[in-house]
Amino acid sequence: MASSQLGQLYKELQQAFMSGNLQQTGVLLARLKIGLTEAGLLVPFGNPNPQDLVVARDILEVGAFWSIRTKDIPSFDRYFSQLLTFYNDYSSLLPPSPREYPLRGLNLIRLLTQNRIADFHTTLESLPLPADSLTANPYIAHPINLEQWLMEGSYSKVWNAREEAPTEEYKFFVDSLMGTIRNEIASCEEAAYDSLPLKDAATLLFFKSTNDVLAFAKQRGWQVDLGAQKIHFAKKAEDKVEIPKERLIAANLQYARELEQIV
């Protein structure tokens, strides 16, 4: 692909992404990745032109944001992995990118949604920021706070953090976290209660809409009594353990006889 054609596609990508045309953005990204591969810029090595690297970085950053907006997390993982080469290996050659830390923060939240706590801390420690300034960066402070609240069990704070997200893309991962949290709360409700008022269940599960509660209850196999406005939890049958009574009695009698013989 000629450099002039690559440059034209890059301009079209910027326009499509800024206008919110996700379908066209995806088509252009596919074509541009072929062009970057042919130009040796998708996985750069040696001493490429810094301006070409900036263009390649911008394309991959658009790809990472596009992946989240289309809810394609494996695609986000691939784009972010490719961006690390630009962020880590060529940081001294390139001007800072305003999208770098929003994407690094999104990657941290992605690790939380997958319950990869060890990877979360390893990634946090590897950031090119002084440890005492991490919380000063809003894009990094947000996942740090989320991890702390998750460990504390402060789920209401996680829920409220959705409205404090530094970019719209963060809300996608917070919603994913809330899905995990709701299932944990639901398991506790099933173990602790036979039933709950529909309104109380909605409050505990952080649902604002009755329809959302009903959909969740159906997913969990709960019975909903709309007349009484109550949810009845499906109890799991307890495993019954057969006690071999006759064998135990025989063994005890044998043990008693042996003790008498010793005495």
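In this chain, residues are counted from 1 in sequence order.
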> V158 and L146: which non-hydrogen atoms are nearest, and at how many Å?
Replying inline: CG1-CD2, 3.9 Å
>> Holding to side chain to side chain donor-acceptor pair (under 3.5 Å), I want the full list of residues that pass it with Q8, two or more places apart in sequence or in another chain.
In response: E12
> Which heavy-atom pair separates G63 from L29 by the least distance, and what is that distance?
Replying inline: CA-CD1, 3.6 Å
> Any side-chain heavy-atom pair from F172 and I73 closer than 4.5 angstrom?
Replying inline: yes
>> So I34 and L42, do their side chains get closer than 4.5 Å, heavy atoms only?
In response: no
Pairs of donor and acceptor atoms involving the side chains of residues 46-53, under 3.5 Å and at least two apart or interchain, shall be tabulated with distances.
from, atom 1, to, atom 2, distance (Å)
N49, OD1, Q51, N, 2.8

> Does a sphere of radius 6.0 Å around CD in Q114 hold more than 12 heavy atoms from other residues, nucleotides or ligands, not counting ones at 6.0 Å or beyond?
Replying inline: yes
> Is the closest side-chain heavy-atom distance between L196 and F233 below 4.5 Å?
Replying inline: yes
>> Main chain of L129, side chain of S133: is a donor-acceptor contact present, judged purely on distance under 3.5 Å?
In response: no
>> Is it the case that over 12 heavy atoms from other parts of the model lie below 6.0 angstrom from the CE atom of M18?
In response: no
>> So, taking the atom named OH in Y155 and the one named CG in L205, what distance separates them when rounded to the nearest 0.5 Å?
In response: 12.0 Å
>> Counting C-beta onward and ignoring hydrogens, is there a side-chain heavy-atom pair between K171 and S176 closer than 4.5 Å?
In response: no
>> Do I231 and Y193 have side chains that approach each other closer than 4.5 Å (heavy atoms only, starting at C-beta)?
In response: no
> Which residue pairs satisfy the salt bridge (Lys or Arg N to Asp or Glu O under 4.0 Å) criterion with at least one member in residues 145-163, sequence neighbours excluded?
Replying inline: R162-D175
>> Looking at every heavy atom in both V213 and F207, which two are closest together, and how far apart are they?
In response: CG2-CB, 3.6 Å
> Do you know the tightest heavy-atom contact between T135 and A141?
Replying inline: O-CB, 3.4 Å
> If you round to the nearest 0.5 Å, how far is CZ of R182 from CD of E189?
Replying inline: 11.5 Å
> Distance only, no hydrogens: is a donor on one side chain within 3.5 Å (strictly under) of an acceptor on the other, for E61 and Y87?
Replying inline: yes
>> I'd like to check the side chain to side chain contact (heavy atoms under 4.5 Å, CB included) partners of T210; sequence neighbours left out, ordered by chain and number.
In response: L198, L214
>> Just by distance, no angles: are the side chains of S187 and R220 close enough, under 3.5 Å, to form a donor-acceptor pair?
In response: yes
Using a 3.5 Å cut-off and no angle test, enumerate the donor-acceptor pairs between side-chain atoms of residues 74-82 and protein atoms at least two apart in sequence or in another chain.
from, atom 1, to, atom 2, distance (Å)
S75, OG, S67, OG, 2.7
D77, OD1, R110, NE, 2.9
D77, OD1, R110, NH1, 3.3

> So which pairs with a foot in residues 66-75 pass salt bridge (Lys or Arg N to Asp or Glu O under 4.0 Å), sequence neighbours left out?
Replying inline: R69-E169
>> Run the side-chain contact (heavy atoms from CB on, under 4.5 Å) test on N107 and L103 for me, step by step, so that the C-alpha distance in whole Å, both residues' side-chain angles and the decisive distance to 0.1 Å come before the verdict.
In response: CA-CA 6 Å; N107 180 58; L103 287 170; over 6 Å; no
> Hey, are the side chains of Y101 and P138 touching, using non-hydrogen atoms and a 4.5 Å cut-off?
Replying inline: no
>> Test your reading of the model: is there a side-chain donor-acceptor pair from E100 to the backbone of S97, 3.5 Å cut-off?
In response: no
> Can you name the side chain to side chain contact (heavy atoms under 4.5 Å, CB included) partners of P95, sequence neighbours left out?
Replying inline: V54, R57
> Is there any ring-ring contact (aromatic ring centres under 6.0 Å, His included) pair reaching into residues 110-151, and which pairs are they, with sequence neighbours excluded?
Replying inline: H142-Y170
>> So, using ring pair (Phe, Tyr, Trp, His ring centres under 6.0 Å) as the criterion, who are the partners of F17 when residues are at least two apart?
In response: none
>> Suppose we screen for side chain to side chain contact (heavy atoms under 4.5 Å, CB included). Which residues come up paired with A228, at least two apart in sequence or across chains?
In response: D225, K230
> To the nearest 0.5 Å, what is the distance between CG (L28) and CD (Q15)?
Replying inline: 9.5 Å
>> Pair F216, N183 - check side-chain contact (heavy atoms from CB on, under 4.5 Å), show working.
In response: CA-CA 9 Å; F216 186 80; N183 281 313; 3.8 Å; yes
> Got a sec, which residues hit side chain to side chain contact (heavy atoms under 4.5 Å, CB included) with S209, two or more places apart in sequence or on another chain?
Replying inline: N211, D212
> Would you say L13 and V27 are hydrophobically clustered, going by side-chain heavy atoms of ILVMFWY under 4.5 Å?
Replying inline: no
> Nearest 0.5 Å, what's the CD1-OH distance between I59 and Y10?
Replying inline: 6.5 Å
> Between OG of S154 and CD1 of I181, what distance do you get to the nearest 0.5 Å?
Replying inline: 10.0 Å
> Which pairs count as ring-ring contact (aromatic ring centres under 6.0 Å, His included) when at least one residue sits in residues 32-71, sequence neighbours excluded?
Replying inline: none
> Just how far is it from atom CD1 of I117 to atom CG of L150, taken to the nearest 0.5 Å?
Replying inline: 7.0 Å
> So which heavy atom on P143 is nearest to which on L112, and how close?
Replying inline: O-CD1, 3.6 Å
>> Evaluate V55 against L6 for side-chain contact (heavy atoms from CB on, under 4.5 Å), listing each step before the verdict.
In response: CA-CA 10 Å; V55 171; L6 193 65; 5.8 Å; no
